[in-house]
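Remarks on the structure that follows.
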Amino acid sequence: MCRSFCSVCFVLLELITFLSQLSAVRARPALQDLTATQARELLCSREVSSVDYNTALLERVNHVSCLNTFASLDIDKVLKEAAAVDAKAARGESIEPLCGLGFAVKDNIDYTEYPTKAGSPALADNMPLRNNPLVTRLLQANGVVLGKTNMHELAYGITTINPDNGTVLNPYNNLMHSGGSSGGTAAIVAARGASAGFCSDTGGSCRIPASMTGTYGWRPSLGCWNSADGTVPMTYTRDTVGVMARSMDDIIMYDALFSDCPRPAEDSVQGLRGLRLGFPHQLWEDLDDDVMPVLEKTLLALQQEGAVVVKFDYDLMKHAVDEWVPYKLSCDWEMPRELARYLWRHGGKITVNELVEKIASPSVKPLLERQLNLGLDTPCETPDDHAKMLREGQPAAIKLLQQHFEAYKLDVLVMPSTPAASKPIDNVEPWMEMSTGWRDALKTYCRSMLLESALRLPSISVPAGLTTSGLPIGIQFSAQAGEDVKLLSIAKLVEPLLPSTPPPPFPPACQGCQAVVDTQEVTYTGEGEPELDDMMYHSNAALEADQPNPRSWTSSLGPPALHGSLQSFISPERLLEDINDTRVLPPIHQLQAGRQAAGMGST
C-alpha cells in the first residue's frame, strides 16, 4: 500500500512538473517577440535551438517582406550558421556568449558571405576581401548573421528612400519613412524579424531611425567599436558602428561585447535622484505639435524621480561646432579620400569617379559630385583647413563642452531625438512640412545629432512613446566622450519610467504590395513660402501589387512574398554670462500652466 501511495505521489509530481512547464511555455512570448537578452537566455540554456530561433525570425521576415528591410538575405546561409552553433553545443563545446543569437548587419558593413553594396548600384559586385572586425567578433561570440539590411545610398541621408534597393517602409505606418541611413536595421528590429542589428552613425544614422521606429539606437564614443577598414566610409572623424535593439539590456550586452574602451570596476550611477540633466532649450523649440506632449511626459517622469533638469543656452555650443568642426568640411575632405582607400583595400574594381557616375539617388549624387569638384565651380577645402579643424577646432569645441558640463554640474544632456516623427515617403525629401512650417528635412532631423558626431560623444535614442498619430518618437541622452558605461546606466534607469512601445501592426498593411518610388525634379529653393506649382519632394511613392523580386533572396525554400580664428568668437565673459543665466527648469505642469495662462495651449 505504501508502494502504491508513493507511485501515486510520483505521478502527481510528474503531472505538476509537466503543467508547470506547459504554463511557462504558454506564458513565454513567441520567439520572434523576445528581446535579444531574453532569447539569449533560452538559447544558452538549450531550451531553444539556434535553428528553431532563427527559423522563427526568418518566418517573420517573410511575412513583413513588403517593408523591404533586407538588401541581401540567404536563408540557407543563416540556417547553416545556426546549425553549426547547435552542433557545437551538442559536442559539449561552449557556445557563449551569444549562443546562436541572430543579428542583422547593415549593408555598408563587410561580411565576406555577402556583397557590401552600401545601398548603391555602384557597389553591386563589391564582395569584401575580409570581414569587418565587429562581424568577426560577432561570429567568434557564436552569433548568427541575419543577412544585410537595406540603407540610404552610401549612408548619405536620413530616410532610407532608395531608388535602387527600394525604400524601407515604417512598420508603424507603411506610408511613412523609417529614418536613415540605417532604416533597414531599424525597421526589421521593430517588426520582430531580428532582435538587434548593426547600424552606423556619422550624423545620426543609428539614432534617427531608432526614433522613427520605437527602437533603441546606440552611438558609442568614437573609437570604442573597432571597425577599421571594414565599413564603407563617410568620415573617419565621425563614423562609428553602433547597435539597434528593443531593450536597454540588449544595448548593454552588445556594448560589453563590442567595445574596446575601458570599463569602470563598478557602476557610478546609483539612481536618478540628484542626477543633473542638461536641457539645451533651443533644441526643445520648433517641435511638431504631436511630439512635445510625449516628451513632456518623459521629462515630468524624470523630475518626479528626483532628476534635476538644468536649462542652458545652446547657441554658444552650436556655433562652436558649426564654425570649428563643420560637418561639411569633414565630409567634403574625408569622404572621397576614404572611399578611394576603401575601394583600393578591397581590390580596386571601381574608382571613386566611376562610383559617383553610378549613384542612383538624386539627393546623394550632387553631394558626391561637389566633393569631387567634378566640373563644378565650387570652392574646395584645403589640407590646411582640415588640419586646422583637427589640430585646433575640435579640441577647442571639446574643451568648451567640458566647461559647460563642469559649470552646470551636468551628468548628461537630454534632448528630443528628432523634432518630428516620421513623415510620408513622398512628402519628406528634401523638404517636409511641420506644424511650425516648411523645413529642410536633413537639417531638421539631424539638428540634435551633430554635436555628438563632431565631438566623438556617446549618445542613445530611447523610445519615449507614440504620438497621437500612432508613430514612435525618441528622447536622446548624450554624455562626454568615454562615458559610455555611465550613459548606458542612466538610460537603463530611465527605461522603466517610459511607456512600453507596442509592437507595430502585424501583418503589415503593405502585405501583398511593394513600394514603388519614382524620382522627380524639385523646384522649391527654400526661399519664402512655396508656390502652388512648386515641387517639394524628390520622391513620388505608391504601393503596387506584389511582383516577387528574388534578387536579394536565395534559398531552397524559394523567395518570400517580397522582399575664422577659433578664440576670437568665445570669451570667458560670454561663457560666464551663460552660466549665470542657468536655472533649474520648473516642473512640466508649471510650464503647461504658464503657457495656458498666456493663451499658448498645452503643446
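These figures come from a predicted structure and were not determined experimentally.
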- Item | Full working for side chain to side chain donor-acceptor pair (under 3.5 Å) between Ser120 and Glu153 | CA-CA 5 Å; Ser120 179; Glu153 188 168 9; 2.7 Å; yes
- Task: Go through the structure and list residues passing salt bridge (charged side-chain N to carboxylate O under 4.0 Å, His left out) with Arg60, not counting sequence neighbours.
- Result: none
- Can the SG atoms of Cys513 and Cys66 be said to lie under 2.5 Å from each other? no
- Should Asp249 and Lys492 count as an ion pair when the cut-off is N to O under 4.0 Å? yes
- Item | Test item: side-chain donor near acceptor, Asp110 and Thr116, under 3.5 Å | yes
- Item | Least distance between heavy atoms, Ser182 atom then Lys106 atom | OG-NZ, 2.8 Å
- Using the side-chain contact (heavy atoms from CB on, under 4.5 Å) rule, pick out the option among Asp288, Thr436, Leu287, Ile473 that qualifies with Pro419. Leu287
- Message: Test of understanding: with side chain to side chain donor-acceptor pair (under 3.5 Å), list the residues that count as partners of Tyr254, not counting sequence neighbours.
- Response: none
- Which residues share a side chain to side chain donor-acceptor pair (under 3.5 Å) with Arg238, sequence neighbours left out: Ser330, Ser453
- Query: Taking only residues two or more places apart in sequence, or in another chain, which ones meet Glu113 in a salt bridge (charged side-chain N to carboxylate O under 4.0 Å, His left out)?
  - Reply: Lys77
- Message: We want to know whether Thr213 and Thr215 form a side-chain donor-acceptor pair, criterion being a heavy-atom distance below 3.5 angstrom.
- Response: yes
- Message: Quick test of your reading of the model: are Asp250 and Arg40 salt-bridged, counting only N-O distances below 4.0 Å?
- Response: no
- Asp201/Arg207 under salt bridge (Lys or Arg N to Asp or Glu O under 4.0 Å): CA gap, chis, key distance, verdict: CA-CA 8 Å; Asp201 192 306; Arg207 296 162 287 155; 2.9 Å; yes
- Note on the structure: For Pro233, the side-chain contact (heavy atoms from CB on, under 4.5 Å) test, sequence neighbours excluded, returns Asp239, Glu338, Leu339, Tyr342
- Pairs in or reaching into residues 165-184: which pass salt bridge (charged side-chain N to carboxylate O under 4.0 Å, His left out), with residues at least two apart or in two chains? none
